[in-house]
2 protein chains.
Amino acid sequence: MAVTIKDVARAAGVSAATVTRALSNPEVVRPSTRDRVKEIAASLGYHPNRAARGLITGRTGNLGLLVPDLGNPFFPSIVKGVQARAHEADHAVFLADTDEDPAAEAGLVRKLAKQVDGVLLCSPRMAEAELRDLAAEVPVVLLYRRIPGVPSVTAEFLDGMRQAVSHLVALGHRRVAYVAGPRSSWANRERLRSLRTVAKGKVQLVETGNVAPQFEGGVSVADRVLAEQVTAVIAYNDLVALGLLHRFAARGVDVPGDISVLGFDDIPLSAMVHPALTTVALPKELAGQAGVDLLLRRQHKERRELPTQLMVRGSTGPA
Amino acid sequence: MAVTIKDVARAAGVSAATVTRALSNPEVVRPSTRDRVKEIAASLGYHPNRAARGLITGRTGNLGLLVPDLGNPFFPSIVKGVQARAHEADHAVFLADTDEDPAAEAGLVRKLAKQVDGVLLCSPRMAEAELRDLAAEVPVVLLYRRIPGVPSVTAEFLDGMRQAVSHLVALGHRRVAYVAGPRSSWANRERLRSLRTVAKGKVQLVETGNVAPQFEGGVSVADRVLAEQVTAVIAYNDLVALGLLHRFAARGVDVPGDISVLGFDDIPLSAMVHPALTTVALPKELAGQAGVDLLLRRQHKERRELPTQLMVRGSTGPA
DNA sequence: TTAGCGCATGAAAACCTTTACAGATCATGG
DNA sequence: CCATGATCTGTAAAGGTTTTCATGCGCTAA
């Protein structure tokens, strides 16, 4: 059926040990033998059985990636980055989508744990204690979340918010609404904290409550935002901002004439709508790549904080 | 380190064989023994090493999923469906994104082949011969592509196109542009064929050439569409349609007042823009699920063709 | 010439699980 | 009390790879 190392060994007239050496430790085998083995292996289409290899080396060559919702375009971008980088490093990627169900996450990770060398976790809502337990069981790198002692990749939220607020201030906005995301989300807490810090003394902040981090969340809160008499609104993320835009358009509210809208994430979609969404771009593919690097280099203490970038588009204008 | 079957066996005072039987073949072991083993296994946190199991059973409990571009929101939806269904069946999912590079696909699949029980292939562009070879090496189910002899999940393109054209005809459109996707894509050929069939005698079809199946493709062809003096345009997919909408908006062309726009796929995004996009909805998560079912042989059919549904939204109106 | 060394290779053990087969235990009927 | 059969459990092999250790060989230096 499948071609095994023995088939190659027999065809090359050497032992299995020599085959494995020729392929994964080439310098220890005589060049003539090595070349012959390699050639025969290639012609037979031999690839080592990774399960068997993993059994003895303890390393699987796989890694796991957990995301809360592929429906949010933020995450496919991360997946792309992880995927690409992992393949460069000759690793395969297990993907799990938890469908925004934090309860299921830990279980999923534990099931994957045996089959992977490490796990990348996009888990804004999982309890911190749970996360810490997990990190003790299997190498973990957190994506867009920070917990002391656990390696992580995040972005400079504070700087991003500063860019956003400066932009609005420059346009003359003095009273700005913030539509928050899920209260339990780390990213939400972080964004809110950053925003409060940078808003202090510069703009008056109106918090309009928490919504689901989705398009519908933005739609549902849009009318409340309008009632607040603000000249600009910052949304938890782009999806929520798009929900706002949608409802504003439906009500005939002009953006940015009547109100400016600012998002967070810079999902591809944001450049496609009209008016295009001004937003704080977070590195996504880059974050995925950085996460893989952290995981595979096993620098367990390390942490990376990537730069953010305000993307000024059509949805913001003078107050 | 990790807890193995021997640890459980020792703790329970039985042999490894009894442990494995107690857990995966419970009826053949005496109830009292079975319960004790199960209890101890649970308390030790024992999970069988899937690699080792796979080595002997020949089944891995994993499956592979290949998509051309996660950046196209069509595919994350499929991934979600696959993922959810696979987990229900206690299988894990390897994901590979080929970044629209058909050349890389076959290699990726072959590398994965040893680690999976089967592969789901979203591969609109791979050469048919290559695909057939692959299907001979590892169980394959094709998603949104059909090749004789290979199990596949597709949708009723013809019926979808019929719904779309009937809708336009009812609105009084008689001259309709079609923006085609990549010439090498199966879906493109299929859509074009269906469209020609249903358009015959009902509307005059203007084909405006092939574009990349992305937002930019739509943007780049929008002006050419306008020059054709049509009252409606059908795009290869939603992303292209959104590109059209974007460019139309920038040029001050009113949709649907000046021209109606119709997409294909129904990606989540299409309902979020303004005007919302009228489009032919293809089952995505459902297709993923059906694919998994086919692969795991929970279903004995070789092929499934899922229904499509025209979603009438704001981008189409009277001619 | 031979001891000694380095190098290339092979044999065998190990990784963890499942399963075919054999052995052990026990109850039952004769 | 023994033979028989049923039920339960243990032994050992198998699966494909990597790695440790040992072997054999040719060569150099004494």
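Every chain is numbered from 1 and lettered A, B, ... according to where its sequence line falls, protein lines coming before strand lines.
Residue contacts for B/Thr20: at a heavy-atom cut-off of 4.0 Å it reaches a base atom on one of the strands shown. Residue B/Arg50 is classed as having no contact, given no heavy-atom separation below 4.0 Å to the nucleic acid. Note on B/Ser15: a base of the nucleic acid sits closer than 4.0 angstrom, heavy atoms only. Across all strands, A/Thr33 comes closer than 4.0 Å only to sugar-phosphate atoms, never to a base (heavy-atom distances).
Set against C/dC16, D/dT17, C/dT18, the side chain of B/Ala16 has C/dT18 as its closest nucleotide. Considering only the side chain of A/Thr57, D/dT19 comes nearest among D/dT19, D/dG10, C/dT19.
B/Ile56 has its CD1 atom 8 Å from the C1' atom of D/dA13, to the nearest Å. We find that CG of B/Asn49 is positioned 6 Å from C1' of C/dC16, with the value rounded to whole Å.
An OP1 or OP2 oxygen of D/dC8 is reached within less than 4.0 angstrom by no side-chain nitrogen or oxygen of B/Arg21.
When each of B/Pro124, B/Pro102, B/Ser123, B/Pro213 is tested with B/Ser185 by the rule side-chain contact (heavy atoms from CB on, under 4.5 Å), just one qualifies, namely B/Pro124.
Counting atom types as modelled, B/Arg53 pairs no side-chain N or O with a base atom of D/dG15 as donor and acceptor under 3.5 Å.
Donor-acceptor pairing under 3.5 Å is recorded for the side chains of B/Thr154 and B/Arg146.
A salt bridge is absent between A/Glu39 and A/Arg36: the closest approach of a Lys/Arg side-chain nitrogen to an acidic carboxylate oxygen does not fall below 4.0 angstrom.
Relative ring orientation between B/Trp186 and B/Phe157 is described as tilted, the plane-to-plane angle lying within the 30° to 60° band.
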